[in-house]
Amino acid sequence: MKSANRIAQKFAELGARNEAALIPFIVAGDPDLDSTRRLVLELEARGADLIELGVPFSDPMADGPANQRALARGLGAGASLAAILSMVSELRRETQIPIVLFGYYNPVFHYGVERLTADAAKAGIDALLVIDLPPEEADELKQPARANGLDLILLLAPTTPIERARKIARAASGFIYYVSVAGVTGARSSLPTDLRDHIAALRSVTDIPLGVGFGISTAEQAGEVASFADAVVVGSAISLLIEKHGKTPGLAGAVGDLVAAMKTAMRAARNRGPQQSERSDG
Amino acid sequence: MQNQPDSRGHFGQFGGKYVAETLMPALFELEKAYKEARRDPAFKRELAERSREYVGRPTPLYLCQNLTTRLNGAKIYLKREDLCHTGAHKVNNTLGQALLAVRMNKSRITAETGAGQHGVATATMAALFQRQCEVFMGAVDVERQSLNVFRMKLLGAKVTSVDSGSKSLKDAMNEAIRDWIATVRDTYYLIGSAAGPHPYPMIVRDFQSVIGSEARRQVLKKEGRLPDVIVACVNGGSNAIGIFYPFLKDAGVRLVGVEAAGLGISGPMHAATMTLGDVGVLHGSKSYLLQDELGQIRETHSIAAGLDYPGVGPEHAYLKDSGRADYHAVTDAAALDALKLLSETEGIIPALESSHALAHAFKLAPTLGKEQIMIVNLSGRGDKDMQSVASALGVELKA
């Protein structure tokens, strides 16, 4: 299958079933690359629709403590881009779940944008998301990504003015990642009260699926967001579970249980319909 | 050459705005506010007046007669930034940016700091302009610069010790950026190096250019001609770009930057970014970086906390590639020798950072003719370093 189609097709399938996508983020190599490979399969079996695979970086400026530690563990386990891509190639023999490579620009730049996009596409990666590469600097990655059939996932934030959002959305492909809070990654006890309004405002500037990430850590929050967004990203909560269970046999089950509970809540929120989910916000 | 950066904040291939989307609007807002301020006569007047009355500018261009005689070569002048209020050149930039913060109505000012000089200069401005202040500082630097930590606290700032990574300047900057992402609406992030995303490298350079503008006027008055060589220490590179910039078009003036070779550049314990780094992206801009073969940022070492950073400002990277400036590295030991020599011959105790520039200048001076003129940017005074210097010299100071 042509890689970029996996994401579009997944959103089309989910849309037809009135479902939002659940996108777990896990750091590649946390606790080691073989665990990551098995976790991806477990996540898919328990309800994940896409996977964000974090690329370890020494200086993760947009991440809170939980993901900082996860990235450090991945780095310690030797999860280089080359090793991650080789793990993904193996995975592709077993699953067609869309995979987004998520990271900071320096390791990508250092690998070489031409070489990386070619190797990533060959390994079976569907999209790249580079958190410190805003559209203004993205040209040097965008062209080779496109040439290799990879989506470049762009971000919008609560601080993004609507005119800028419109401009960014025009260049977006795959889906748009909306950062729910002005802040770094990490669990929040409650989500911003105006999140739903922000997403509604963005609907007026784009038809591309809108995913929401940063701060979502419970099934209840996932359900709430699924009632108005097209995708829910959960990251730090999983990083904390991986930290707790490490390489023990309980790891897959613990992570899988959280993801399954989230997916169940997300389906329920959609089935309740908009009115009931309005009430459940209160 | 003086028209750098371009409208997108690029110095040739370097610079730019490599930050998370959350911060992009804040950078545009800052750029707009800065452009307006620069055109506003009232802003320029206030900056000039406070530079004179509060910072103590102009600083002298001092001729080192004893040292010149002793080294028997070029005439050595020092640009005495150590005499600025708070003890280093850092205050030139914090004054300008604090005025911007006030103009932009930001209630809180944050900063990263290495040696603590920029933290002190920021805390000073926060006190002067009655803003909340938080300074992020690596745990290792908190330890080796305890005097500056105490000064910041006296000035009313909160000092947050950063325990991640190498626990020095790079990690302090990571944490300051994380804080800014979460507080961007009411916080002014006051970067102290000529590094970070556009427009910071340009803003810091412009506010520090007062050093070079004064030095140029002063040397023309004293000598009737421009200098042959200007030497400054470089890490982020704010004092160096400040003294270089007004001389960029003077092709006959050689510009020399000096970075930290630590324990020597053959091993891993150094911060010689320009000598050994390659191109990468960190903290918002593309520049030279010390990194491993996978693009992970390397840990650095220098006896000077203010030179202990694995990157360099993008304009220096550009000046290096264009050949307009050349960059060299000086070891901890050579910097210490230079600190002792200046203290003994001229009665001036320099900061360890500035001592790197001095060490290279002292090596260069005897190779030049006596008619040649050299200016060394004495970016800061050494009081803050007495604990580190004593311990390097095997002397124990009682608390």
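Chain letters run A, B, ... following the sequence lines, proteins first and then strands; every chain starts at 1.
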Would you please test A:Glu140 and B:Gln13 for side chain to side chain contact (heavy atoms under 4.5 Å, CB included) and show each step? CA-CA 12 Å; A:Glu140 67 185 20; B:Gln13 67 161 319; over 6 Å; no

Contacting region of [X] [heavy-atom separation from chain B under 4.5 Å]:
X	value
A:Ile168	side chain
A:Pro65	neither
A:Leu155	both

Is chain A contacted by the side chain of B:Val184, its backbone, both, or neither, given a heavy-atom distance below 4.5 Å?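 The side chain, not the backbone.
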
Counting only heavy atoms closer than 4.5 Å, note whether B:His283 contacts chain A via side chain, backbone, both or neither.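 For B:His283, heavy atoms of backbone and side chain both lie under 4.5 Å from chain A.
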
With rounding to the nearest 0.5 angstrom, report the OG1 to CD1 distance, B:Thr22 to A:Ile131.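 It comes to 7.5 Å.
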
How long is the span from the CG atom in B:Asn174 to the CG atom in A:Asp59, to the nearest 0.5 Å?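 Reported value, rounded in 0.5 Å steps: 4.5 Å.
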
Could you check whether A:Glu136 and B:His198, counting side-chain N and O atoms only, form a donor-acceptor pair closer than 3.5 Å?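 A:Glu136 and B:His198 do not have a side-chain donor-acceptor pair below 3.5 Å.
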
Under 4.0 Å between a side-chain nitrogen and a carboxylate oxygen: does that hold for A:Arg164 and B:Glu21?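 Salt bridge between A:Arg164 and B:Glu21, a charged N being under 4.0 Å from a carboxylate O: yes.
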
Given side chain to side chain contact (heavy atoms under 4.5 Å, CB included), test A:Glu137 with B:Arg8 step by step and report yes or no. CA-CA 9 Å; A:Glu137 306 290 351; B:Arg8 289 163 59 231; 4.3 Å; yes

When only heavy atoms count and the cut-off is under 4.5 Å, which of residues 100-111 of chain A reach chain B?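 Those residues of residues 100-111 of chain A which have a heavy atom under 4.5 Å from chain B are A:Tyr105, A:Asn106, A:Pro107, A:Phe109, A:His110.
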
Please report the closest heavy-atom contact between B:Arg178 and A:Asp63, naming both atoms and the distance.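 Heavy atoms of B:Arg178 and A:Asp63 come nearest at NE-O, 3.0 Å.
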
Heavy-atom closest contact (B:Arg185 atom, A:Ala182 atom, distance):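 Closest approach of B:Arg185 to A:Ala182, heavy atoms only: NH1-CB, 4.0 Å.
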
Sort by residue number and list every residue of residues 270-279 of chain B having at least one heavy atom under 4.5 Å from chain A.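 Contacts with chain A: B:Asp278, B:Val279.
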
